[in-house]
2 protein chains.
Amino acid sequence: METFKSEKEFLTSYNIHDFDLPLTTVDLCIFSLLDQSLKLLLVRRSDYPYKDCWALPGGFVDIKQDMNLEVTAIRKLEQKTGVKTPYVEQVETFGNQTRDPRGWSMTVLYFALLANSDAITDSGEEVCWVTLAEAKKIELAFDHQDLIHKAIDRLRSKVSYSTLPMHILPATFTLAELQKAYEIIMDRSVDKKAFRRRIDSAKLLVETGEMRQDGGRPAKLFKLKKSAETHFYNRSI
Amino acid sequence: METFKSEKEFLTSYNIHDFDLPLTTVDLCIFSLLDQSLKLLLVRRSDYPYKDCWALPGGFVDIKQDMNLEVTAIRKLEQKTGVKTPYVEQVETFGNQTRDPRGWSMTVLYFALLANSDAITDSGEEVCWVTLAEAKKIELAFDHQDLIHKAIDRLRSKVSYSTLPMHILPATFTLAELQKAYEIIMDRSVDKKAFRRRIDSAKLLVETGEMRQDGGRPAKLFKLKKSAETHFYNRSI
DNA sequence: CTAATAGTGTCTATTAGACATTATTTC
DNA sequence: GAAATAATGTCTAATAGACACTATTAG
């Protein structure tokens, strides 16, 4: 290797293309609660490889345009859904020789939570919302079945010890709706009293003053406190 | 964009260097318990950028040599420590415009746990083990201060609800030694009875039959059961 | 015997789960 | 009134934390 007298001199002669770099993409597992089910968004690929296959939304990091990885994720998400400020969380990075036929590639997987009110489907591209069971039966591009599995694992495990589902609901919601969100994601019922004690203890919600009625006694509407971060409990639900 | 008749045709004409790709590295936060403290391994950089600065061990993904990202991590770890089968876990991926003066770069951060018996220091390069407090005071290369912070956060939080510290001890150990490992990592004392109940409930340890003595009554030695995976508790310690 | 460390017994406070009860609405 | 949904009261079982106690070694 050459030697340089200073960092500046080194950088001047540094050429990024002297080395073989992995392809680098960001993929998203976008979740929403639709028709009382947890669903995720798939898009049909318009280009090779895996042309016409269903896949997770995502794409290359654009180093000209994106300040950082999360910006890439949010940009891709807005392209497909129109939503600008969803809840986004990095899950894991997958990189190996075989996952992309173009060569050694890595993808940074994020999951996003969208309120059903934001889960529109009128994009120009072919997109669709599918349940987890439906997704499993579809032949997806790349290793996207594995990515979905990891994203769901992360979502499920986190829901059991945090207030994460507050971010998959619209701006205001009832406690019954919040409980239902937990139940759909965890795929099991939870006790109402225990659930409310738990939510109460996090102190993240405030009453809006409004009520919502659904066939019986009207329920109080709640919203997240300003600057409410996800709360983590000491015990699983 | 051109159109292709088949995936094969597309791949033939695909040139990886047509696009600007981020630099991709793997960095490691290697933890060990030395002198009753949690320490991590730093290496002095021999090349630009940040020549002669202390940094986390790591380096470029070698797409000719490495089958996947974890192999890259384990290869780097073996280069610096000689240890071939440590506990390794992916933490998070950091990617942005500014973290590397050479350009848009991303690094996949792993942490590794080494038994103190494996924590040798006689590599050819300049390496050293430092406490967390010492690391904070050193001017590290790139954004490695941030990476260390994230790795410690992950380690600490995971220790509070799992059996992770079993992997930072030698093959056999006493329950007192295991408890001390928890205490050092979490930086607080834990109750002996509650701790032993908890470890017992995970059912991951078996007695070796041997004893170890340390000034008083001899203590039973334990080892991990074959194929023992980390256990996750429903409640934090 | 004392000192040191290993290991156990047991009480208490907390709290999740179960489930019954009351409250408020529409019809 | 009945039916539906919201909200609360209360008992019980599980268990983490506290801490006292017993056990086994060395000297």
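This one's a predicted model, so the numbers in the text were calculated from it and none came from an experiment. Naming: A, B, ... by sequence-line order, numbering from 1 per chain.
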Problem - Listed nucleotide nearest any side-chain atom of R217(A), set dT8(D), dG7(C), dT5(D) - result: dT5(D)
Practice task
Answer yes or no: are there more than 12 heavy-atom neighbours, outside H231(A) itself, under 6.0 Å from its atom NE2?
Solution key: yes
Handout entry: Base dG17(C) paired with R197(A) side chain (donor-acceptor, <3.5 Å)
Key = yes
Exercise for the section: Look at the side chain of K193(A) and decide which nucleotide, out of dT24(C), dT15(D), dA18(C), has an atom nearest to it. Expected result: dA18(C)
Problem - Strand partner of dT8(C), provided both Watson-Crick or wobble distances fall under 3.5 Å - result: dA20(D)
Problem - R235(A) vs F222(A), nearer the 5' end of DNA chain D by closest nucleotide - result: F222(A)
Practice task
Measure from the side-chain heavy atoms of D191(A) and tell me the nearest of dA18(C), dA18(D), dA6(D).
Solution key: dA18(C)
Problem - Sugar-phosphate, base or nothing in reach of I237(A), heavy atoms under 4.0 Å - result: sugar-phosphate
Exercise for the section: Name the closest nucleotide to the R196(B) side chain, picking from dA6(C), dT5(D), dA18(C). Expected result: dA6(C)
Completion exercise
Among the nucleotides dA6(D), dA6(C), dA26(D), whichever has the atom closest to the side chain of Q213(B) is dA26(D)
Practice task
Measure from the side-chain N and O atoms of K220(A) to the backbone N and O of E207(A), and report whether any donor-acceptor pair falls under 3.5 Å.
Solution key: no
Problem - Selection from dG17(C), dT24(D), dT15(C) that lies nearest to any side-chain heavy atom of P218(B) - result: dT24(D)
